[in-house]
Amino acid sequence: METTLWETLAWSLAIATLIFGLVPFGMLARFFRYVKPRMALPSRSASPKTTVIMPCKGLDLEFQENIRSLLNQDYPNYEVLFVTATSDDPAYAALNHIRDAGGNRALCKVLVAGIEPGRGQKLTNMLKGMSSLPADTEVVAFLDADVRLHKSFLRALVAPLADPQVGVSCGYHVFVPRSPRIGSLLRFIWGIGGLLTLADQERNFAIGAAAALRKETFDRARIRESFLGSVSDTFSITNSVRRIGLRVHFAPRCLFISPDNSSLMETIRWSNRLTILSRVYNRPFWWMVTLSYSFQVLMMLTGALLLGLSLSFEGVNLGAPAALMLSPLLFQFLMAVVVLSALPGLLPDYPADREGLLRHSVRICALTPVAPFMIFLNTVVSLFSREIVWRGIRYRLISATRTEVLPDKRVLEPMLAPWVDILAGTLSLSLLGSGVLGGTLLILNQVPVPAPLAGLFSVVVPLTLTALLSGLYARILHRIAPVRPGEYSLARPSLALSLWKHHGLLSLFNISLLVETGFISAPIRGFFYRFLGVKGARKALIGGKILEPGLVRMGTQCVVGSGALITGHQVESQRLVLGPIVIGDRVTIGVNSVVFPNTVIGDDAIIAAGAVVPAGTRIGESEIWGGIPARRIGSRNQRVKETFSRGKERQSRPFTEKGLS
């Protein structure tokens, strides 16, 4: 009787899981029904004067391309206001350069908003733009700086506002991975899940990254007041517009591209932030997501447990209901297949980006079943924390109308840094000691070694074990706490400085032990440096040293001469500069040459022996550089042509002129 009760319960839960798992397919069908009749581009007849306000902070991935896509819209009557918090923001100089370079269809201005405590900096920038609107502006559009727009995007975004019942028109972002990093792929998957909710015009929301509304609506809905004490433009605009009885309209032709290259941790922090925002500003939506994904994850874990019990014990016959409980994994996979197959219809204006997504389709489908567990993790984090980090600024969300700007955690770094140094040093010494001790014990435990090799064996084994342990530790440290590019004061202790010293200690130990002693030969040093954090370096011959391996990206078939040094750091008068080094394919770096940080070397380039490449150098494809400091001294293509022409000249001379008669 007890077994029958358990089977009944298991089958009930399994059927509920199966039915529940089919709900997303219903949402997908509703989404396509909504999208299909709305994909046509509107006419150009109605084009009210529009001002686009774009808050900027820092330089997003492919920043210039994003900005130029906005400044060259197929819209007859618009201008753009770029707003940064301060004039020393990197975006400020870049925007002025783009404006002064010309070639843009739209008039644009660059404004400085200043810093206002008690609300999100993005909202402060948006309000600065609103206070600077031209008098004849009819429509205001808000766009983020990480968006890539097709030519008719602004026209498609503004057109729905012709309906007086539409309060705000919005688009949606599709994150396009620029590399097959797990973080980028998961961000695309996570973002697509939110896209399906926009077809429900009763419960959707205006994505702040791309939203347009009439200036009169902004004033009537009192959105300016809702921004005070807030950090979310999305929910502040949505709630304000709905309060005056207007709709949020999703324009399917306003899907836009956001180029992305996020790491896994960056994606987790981003998804945590959005989940915390939804909990504070849209509690019903947060509860719906929390309950649905908690149920899915709980059922999948239960199904895995029951399946394991059924396979392990003969008396337990719960394999069939257990398999049904695991059905959401299959449903997630099928959803990914359907969405990817629909991309040509959803993104007709982005053929290159669409193809880029399809190249990652196998990885995306394989990772999609992970999404419910990730969303469940986000909801758990949102239960215990109301702190978010947005564009480098920390906020505590007290309520929907109260936000506290928290001090930078770096204020505490001078106090924490010495303890990090002590802990890191102790851990490193422990690892090195463990290697030596472990190797010695291995030898003493009667390992059968021929007598003539005993002395050599007693040295090689401890050193190899020590290098393996420290190298493995360096690899793990690179994953969880990598060296961050930037400028740091040597006079002021910081965690970044402590981590750099710790990484350097491990790298120098391994390099001194394995490279300088010749223990690892040049042909296999590429594998060794990849183990320490270098990206790429396939089929490389490395005779020199690479410091800060985590900051170096090297192409295939590169040659690094003996004694050459590739370093990701430079010290200048109590200032430490850490920066990446990007080396293309088939690059030759000569004997005893030095390459400093923030350097890019193009494919097939040559660095001459003894050259010193200063920080921040850009070396083009097939160029030859030499000297101290290094400068361009020729081109590989030019040398090839000269050699070829000299060969033809010799062949054309009479035989007697060659001195061989």
Side-chain angles (χ1 to χ4, degrees), residues 51-61 63 66-67 70 80-92 94-95 108-133 140-147 168 170-173 175 191 205-213 218 221 223-241 256 258 260 266 269-278 280-282 386-406 408:
T51 299
V52 179
I53 298 175
M54 178 174 281
C56 300
K57 188 177 191 304
L59 300 178
D60 294 281
L61 185 64
F63 181 79
N66 297 342
I67 299 302
L70 169 61
V80 181
L81 301 179
F82 299 107
V83 190
T84 63
T86 59
S87 58
D88 60 353
D89 190 296
Y92 183 81
L95 291 167
C108 62
K109 299 178 183 178
V110 184
L111 309 175
V112 177
I115 298 174
E116 289 286 341
R119 68 165 172 258
Q121 184 59 46
K122 180 182 179 181
L123 304 187
T124 299
N125 292 4
M126 292 166 71
L127 290 178
K128 173 64 177 179
M130 289 300 301
S131 65
S132 305
L133 288 179
V140 181
F142 299 111
L143 294 175
D144 281 359
D146 63 345
V147 304
V168 57
C170 70
Y172 194 79
H173 40 219
F175 294 99
F205 39 85
I207 301 299
L213 67 166
F218 185 91
I223 295 176
R224 186 184 304 273
E225 287 78 1
S226 73
F227 279 4
L228 301 177
S230 176
V231 76
S232 171
D233 52 338
T234 292
F235 292 114
S236 295
I237 293 174
T238 301
N239 297 338
S240 299
V241 165
F256 58 87
S258 288
D260 186 66
E266 287 170 339
R269 286 193 290 266
W270 167 81
S271 56
N272 283 340
R273 185 185 80 223
L274 294 183
T275 307
I276 293 171
L277 286 172
S278 68
V280 173
Y281 292 96
N282 193 341
R386 289 199 174 195
E387 290 188 13
I388 64 171
V389 178
W390 200 340
R391 298 280 182 169
I393 303 174
R394 295 174 61 234
Y395 303 96
R396 180 181 290 118
L397 309 182
I398 300 172
S399 68
T401 57
R402 290 186 60 200
T403 300
E404 180 184 1
V405 180
L406 300 177
D408 194 333

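Atom set for the values below is all heavy atoms of this structure, side chains included, hydrogens, waters and symmetry mates excluded.
The distance from atom CG of Leu81 to atom CE of Met130, rounded to the nearest 0.5 Å, is 10.0 Å. In this structure, CG in Leu61 is found 7.5 Å from CG in Asn66, a value given to the nearest 0.5 Å. Separating the OG1 atom in Thr401 from the CD atom in Glu225 is a distance of 13.0 Å, to the nearest 0.5 Å. In this structure, the separation between OH on Tyr172 and CD1 on Ile207 is 5.5 Å, given to the nearest 0.5 Å. Atom CZ of Arg396 is separated from atom CZ of Arg386 by 11.0 Å, given to the nearest 0.5 angstrom.
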Note to self: side chain to side chain contact (heavy atoms under 4.5 Å, CB included) for Ile115 and Thr124? Distances and angles first, verdict last.
What the structure shows: CA-CA 7 Å; Ile115 298 174; Thr124 299; over 6 Å; no
Checklist line | Step-by-step side chain to side chain contact (heavy atoms under 4.5 Å, CB included) determination, Arg224 to Leu127 | finding: CA-CA 7 Å; Arg224 186 184 304 273; Leu127 290 178; 3.8 Å; yes
Checklist line | Stepwise side chain to side chain contact (heavy atoms under 4.5 Å, CB included) check, Val389 with Arg269 | finding: CA-CA 8 Å; Val389 178; Arg269 286 193 290 266; over 6 Å; no
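Between Ile237 and Phe218, the closest side-chain pair of non-hydrogen atoms is not below 4.5 Å. With contacts defined as side-chain heavy-atom distances shorter than 4.5 Å, the pair Val241/Phe205 does not qualify. For the pair Tyr281 and Ser230, the minimum side-chain heavy-atom distance is below 4.5 Å.
Side-chain atoms of Asp144 never come within 3.5 Å of backbone atoms of Asp146 as a donor-acceptor pair (strictly under, hydrogens ignored). Between the side chain of Thr238 and the backbone N or O of Ala206 there is at least one donor-acceptor pair closer than 3.5 Å. A donor-acceptor pair is defined here as one N or O able to donate and one able to accept, closer than 3.5 Å; no such pair exists between the side chain of Asn125 and the backbone of Ile53. In this structure, the side chain of Tyr92 does not engage the main chain of Cys56 through any donor-acceptor pair within 3.5 Å. In this structure, Thr234 contributes its side chain and Gly208 its backbone to a donor-acceptor pair below 3.5 Å.
Within a 6.0 Å radius of CZ in Arg402, no more than 12 heavy atoms belonging to other residues, nucleotides or ligands are found.
Closest approach of Leu59 to Ala91, counting heavy atoms only: CD2-CA, 3.7 Å. Closest heavy-atom contact between Ile67 and Phe82: CG2-CZ, 3.6 Å. Of all heavy-atom pairs between Ala85 and Val112, the closest is O-CG1, 3.4 Å. Minimum interatomic distance between Ala209 and Lys122 (heavy atoms only, all atoms of both residues): N-NZ, 4.5 Å. Of all heavy-atom pairs between Lys128 and Ala113, the closest is CB-CB, 3.7 Å. Across all their heavy atoms, Gly229 and Arg119 have their closest contact at N-CB, 3.8 Å.
Ser258 and Asp260 share no side-chain donor-acceptor pair at under 3.5 Å.
Applying the side-chain contact (heavy atoms from CB on, under 4.5 Å) test to Ser226 and every residue at least two apart in sequence or in another chain returns Ile223, Ser236, Ser240, Arg243.
The side chain to side chain contact (heavy atoms under 4.5 Å, CB included) test with Leu95 singles out one residue from Thr84, Leu111, Val83, and that residue is Thr84.
Ring-plane geometry between His173 and Phe256 is classed as perpendicular, the angle between the planes exceeding 60 degrees on a 0 to 90 degree scale with a lower cut at 30.
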